Each structure stands twice: as structure tokens, then as C-alpha cells.
Amino acid sequence: MKSKTLNRRHFMQGSGILASSSLLRLSVPAILAAAQTACSARDEDAAFVTLTASEAVELEAIAARILPTTDTPGAREAGVIYFMDNVLGEKFSEMLPSVRSSLAEFQEGIADRFEGALKFSDLSEADQDVWIGVNETMQFFSVAKTLTLWGFFAMSSYGGNKDNMAWDLIDFDGPGAAQPPFGYYDAQYMEEQSNGN
Amino acid sequence: MAIENKVVYPLDEAVDFVVIGSGSAGGIIAKELSTNGFSVVVLEQGPFREAKDFTHDELDVNVDDSIGGGRAADNIQTFRDDESKVAKVKPGRNPARYYEGVGGASVHFTANFWRFREIDFKERSAVGSIEGTNFADWPITYGELEPYYTKVDWDIGVSGAPGPFDSPRSKPFPMPPIPIKSSGVLLKKGAEAIGLTPQAAPLAILSQPHNGRPGCINCGYCLGYGCEVGAKSSTLAAMIPHAIASGNCEIRAGCAVYKLETGADGKISEVQYLDSNGNQRSQKARAAVLSANGAETPRLLLLSESSRYPDGLANSSGFVGKNLMMNAHTNVQAVFEHQLNDYKGVQVTQIVHDHLYESDPTRGYYGGGGFTARPLMSATPIWYSLAGQRPDGPQWGAEFKDRLAHNFTRQMAVVASGTNLPLDRNNITIDPTHKDKYGRPSLRMTYREHQDDIANVAYMQGFAEQMMEAAGAVEQWSSPAKSGTGGGHLLGTCRMGDDPETSVVDRYHRSHDVSNLFICDGSSLVSSGRGQPTMTIMALAFRAAEHITAAANNNEI
């Protein structure tokens, strides 16, 4: 079985510790640079094509609560936001307008409830979970969850599932030929049969 | 398209047969008629993909439905559960689901290949009439169809072993069953523990090389995917190459038929379609075979209305589109201690029929069915993550992720599938408002299963739960059985029968009304069977082709 545990580099990227060094390298407006480095799992220098930098920050923050980074990788490390940027611009581009407008709607009321916060990403992880809990039945959350899971598990050519880390997480070997026995129970059965039981 | 047609027929010279649809029935009939020496044009609305064109791209195939008719938004059908309502476009998938392309649904099906049993053909006589339904016997028996089931076994390619409850077969399976998977072992264990007898699953997937095609490589992408090696016994793999090789069959892919035109004599004279460039074309023909599937076949007949046939072609009975049956089903999800890795290999290796196959009046309803053990949703990651989770469990967050990680390889399903009663209210009609991507008036499905259909699968679900419990599941869940709102089993909508007042085609699939029109596909079925109809559709197609050939040779068309 492959290791499910994050390596140190992935973990540090996910937690944003590398942000400061990236900031210095990027000769773009600070807000964009910050957004990009916050979404740095895939490629620290990659620019977003479809999403604005601030949309990407919020969507990634939401995805990271759906599939959080723990001792195993989550949406951030798998580069789910790059998947979203890709498919919302191409394969599922018809979803973009509603994702865009409902993302804004989803965040309405954050400022009233949490002092000093304007956006979802301003909240602590604990408060983010509280906010999702309150808004879990919103259509937007269902769309965000769907996009997150698509991005986590789709072939990495779509931009997420970096290095097949989502497949490794669930012990999915990926598409390909296989030889039985595949699992515990068929192996046990074959052994019993060959022993004449 | 690497397989080039060897013959191209002019539009304005009548070919012997136009076959509409190249799927489970159309692919067989095209092959049989063309190798019997008739000139055949096959009109298939989808593209001509080959084995090399199929992928394991779940986002594209499963989510975007790239090999089906596409997302509902792109190719509108409508649905309602009652005729009093205005039918609506469903989000996501269309209600009538099929593979759109050469080979039809036999390309993407799961390949469960149960024969019907003797009782399926004469159940109305055995059970009695059921008020408010069109429940009827077939005009043919199992014995009459058996030689053609055997032909499917050998010519199409079916793996399996005889089961204790099967009706008699005249010849053994051509190849042994696919080796049992963990889901099969667990179903077997659970079934035996509660006194039911499991059996090896008959599958239209080659367990070893057969007829020049390779055996299964266990990639696991069967349900909803095209087979990349040609081991799945689609008509694309097993029939179409022979049809083309005959030199008598031209496959025209990307050609969407919109009307069957009749001449002054009331017979089919030509078939009108849009070619792959969207141009209107019309192919003259001496006869037509309509095999577009149980949803598209009645739609085409209804679209082919004329002053002579104001209620649609071949519809003097009023039964075109009626009696839609999609096989009621339900499933139980179960998680086990150890890894099954059931995403590898074919979906199903063990089934249970036993006494639950037959209807039993002591249960208080009509119906019967069977069980399959399979990964179902845990076959592929995206589907699993979105649909394979218990509804009362965590839906996001660390615990959700941990469950995905732990259970994907440990989860399986037992699917209970069963009968549907044929009803007037369950039907395919033409939507008055919407149009599909070709500009044809949209298909409208109206469907709400009979209470007995639901009662049957609900009863079966209890057995599925007992089996999983007895097999040692550490966790299991299911949702209450409820009516289907769409599916790929599209049955009964142009049923066969001897009486022109209560059926659309005769026992040889000839329209009662239009003598040079033959209709053969899922629409021909009189009853639903127990959940796996394609084997019977294919057997009917071989039988139909034999009778059509004889009629043509005798100048009786």
C-alpha cells in the first residue's frame, strides 16, 4: 500500500507557510500573489485562467473544509482549485455564472456574524465549519461539494488529483488490468477451494 | 472511423432493409440480414466509436455522459410521474438513458445476461389477471426462444454456469463464469446462511478468448463504459464487424431519423434523417426494421404520424409508447472489515434467484426478482464519493474524508431488481414544448411504478439486508424502495402479441398495421422479466432476423 501521509513539502504548502517566499518572487499585485500562493498546491507560479484570484481563495477555502488537510492530504494538496479553474472555463463552463453569483451569496452575512471578517477565508477553520453548518442546505454548498469531489477524484489531467494523491488516499490503483484475487474475501475463498474445503 | 464501410448505397434506390438503431437488437438484425445477402443500411444517431476510442475518464463518461445522449441540458427529454402534470426537464441525466452510438446500450451495459424463465412467458395465465394493468402472456414460449438464447450464448459470447433454477438449455455455456470476486463470495456466504441458493452470474463478458475476441482483463470499467479490449459482448464487438465484412451492410453513424415515410399503399417507402452534418436525407427502402430502443422506437412511430396514420405509425392499437417498464430496483450498501477491492473486475460474479424469482400470492402482491452482488457505486471514485455514502453519515469534513478513504475498498452493494406491471399510465409520448438537440420534438416519459412493483423490491430488500448481516457486514444501510424516475431498461412500449387490438407487433415482430415494418428491441417485451432484459432482447433479435429473412425470401414483405 502506498503512503497516505502527507510529505512535509505538501503539508507546508497547504498550510501557507511558503507564502512569504512566493510573495517575494511574484511581480504581480500583492492580492493576486497572495491568492495564488494560498492556492499553491499544484504550481506556485500558475495563474488562474477562469476564476479571479479572490474567487479562487474562497472556493479553495470551502473545498478545504469539505476535504480538509489532516494527516492525509485534502482538497488543497490535491489542487482541487486548479480543477475548478479548468472545468469552469471549459468542460462545465455553463456552471460558472451561477457558481460566481452564489459564491457571493454564500458569504452574505459573514460580516454580521463574525467581527472583523468579510469573506469566508477570513474565518478561522472552526468558524468556517460553523458557517458551512449553517448554510449546508444551500444549493451553492452542494455545487461546491460536487466540484470539490470531481476535482479531487477526476483524472489528474483535469488539474486536480495531483500525482493521483486522491486515488492513493482511498487505495484505488487507478484504471488498468488486474488479476484475481483482488481482495481479502476472494483470496480466502480461492485458498479454501484449493485446499479442498 | 477505422472500420470502413465496404458498400455505399445511393439514397434514391431502395435497399432491402433500413435498420434504425445499431444496438442490442439492431446490431444483430443488421448482421443477420446482411450476411444472408440482403442490402442493408443502418442508421445510427450516435457516432461510430470503436474499442480504442473508449476511456476510463470518469468525469467525461460518468459525469458528463459523453457516450450517452449527453447531459439533459444538451439533449432534452422531459419527465413527470403523472399524466396530470406538466413534464419537466430533469437536472443531470435524462430519464431514458442509453448509449448513443454504434452498438447501442450493449456498449455501456453491465452485461448481466439472465435468460428469462419459462414462467416469464406465461405468467398471466399462472397468476391471473391484475386489475388496472395490461398484464399479459407472451405469444411465444421459452421453448420457442431457447434456440436463440443459445445462439446469443455462442455468437455474442456469454460466460456462466447453469444454475439450479434456470430453465432448460440445449447447449452448455461456451465458456466458464468469470472468477468469483469478494462481493460474490460475501453474497454467497450470506445467501447460504439464510437458506438461499446463490449461483454464478451469467455475463456477456468473455472469461476467455472467444470468436477471435480477447478475454476480460478485469479493468473494472464495465458499468456505463465501453470496453477497451472488446471483451464485453456488445453488438459493436460481436456483430457489427461481421455485418460490414459481408459487403452488404452500410453503417451510417451520426444519422438521426426523424420520420418513417409511407407511400400510397400505406407501406414504408423511405426513412428520413439528419446526417452527421445536419442535412436532411431520405433513404428509400423496401422494408424497415425499427430497433431504436424502448423509448426512441415509440417516439419515432409517434413522430411519423400522417393523415393516414393520425395517431402515429403502427398505432391502431393505441399501445405505441404505453406499458413502459424499467425494472423496479433497490440496493443495500454494506461495509466489511477487510478490503474487497471490488472496483477491479466485472461488476457481478454471483446472483441469487431462488424462490424469490417467482411471484407468490401469499406475499400479497404480484412480483418477483433477483439479486446481484457488485461494487455498484464503489466501482469508481467520483460516483462513490457523491452517491455511495450513507445519508445519515458525515457529508463533509475530516470524518467524511476518512470514511471515503477507509470504505472505498471495503464497500459493496446488493441490488434487488424485479418486475414491473405494464400500465397505460407509464408511457413515452411526444413533449408538446421541448425539442431535442436534433430539433425533433422531445421524448416525454411519464412513469410511476405500480404499488406491487415497489412492494416486491421492498420485500427483497429485507432479504438483501439479511444476507449482508449474515455475511458479516460491519455496517449497512439502504433507502426505502421507491418508484424509479428513469433508467436504461426501456421495455414494453411496442409489445408483441397475436391480437392487433392489444399489441403493436405480431409474434414475428411485424407491425400489425404496416406490413413492411418490423419492430424489435426492448419495446417488444410483453413482461418485464426480473431485471436483466438484454439477453432476451438479443434472443428476440436473432429470432426476428430469421423470420424476416424467410419472409423476404418468400416475397412476403
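Just so it is clear, the model here is predicted, and its values are computed rather than measured. Lettering of chains follows the sequences in order, A, B, ..., and the numbering in each one begins at 1.
For Q188(A), no part lies under 4.5 angstrom from a heavy atom of chain B. No part of P181(A) comes within reach of chain B, as not one of its non-hydrogen atoms sits under 4.5 angstrom from that chain. Proximity to chain B (any heavy atom under 4.5 Å) is shown, for T148(A), by neither the backbone nor the side chain.
Side-chain contact check for Q395(B) versus F141(A): every heavy-atom pair is 4.5 Å or farther apart. At a threshold of 4.5 Å between non-hydrogen side-chain atoms, the residues L67(A) and F400(B) count as touching. Residues F152(A) and S385(B) have side chains not in contact (no heavy-atom distance under 4.5 Å, counting atoms from C-beta outward). Looking at heavy atoms from C-beta onward, W150(A) lies in side-chain contact with L386(B) at the 4.5 angstrom threshold. For the pair Y384(B) and I170(A), the minimum side-chain heavy-atom distance is 4.5 Å or more. Residues Y158(A) and D60(B) meet the side-chain proximity criterion, which asks for heavy atoms closer than 4.5 Å. F408(B) places none of its side-chain heavy atoms less than 4.5 Å from the side chain of L169(A).
Cation-pi geometry between K188(B) and Y189(A) is not met at under 6.0 angstrom from the ring centre and within 45 degrees of the axis.
Without hydrogens or angle criteria, D186(A) side chain to K181(B) main chain gives no donor-acceptor distance under 3.5 Å. Not a single donor-acceptor pair under 3.5 Å links the side chain of K344(B) to the backbone N or O of D173(A).
For the set P68(A), A154(A), A177(A), the entry with the most heavy-atom pairs within less than 4.5 Å of chain B is P68(A).
For the side chain to side chain contact (heavy atoms under 4.5 Å, CB included) with L340(B), the qualifying choice from Y184(A), F182(A), Y185(A) is Y185(A), the only one to do so.
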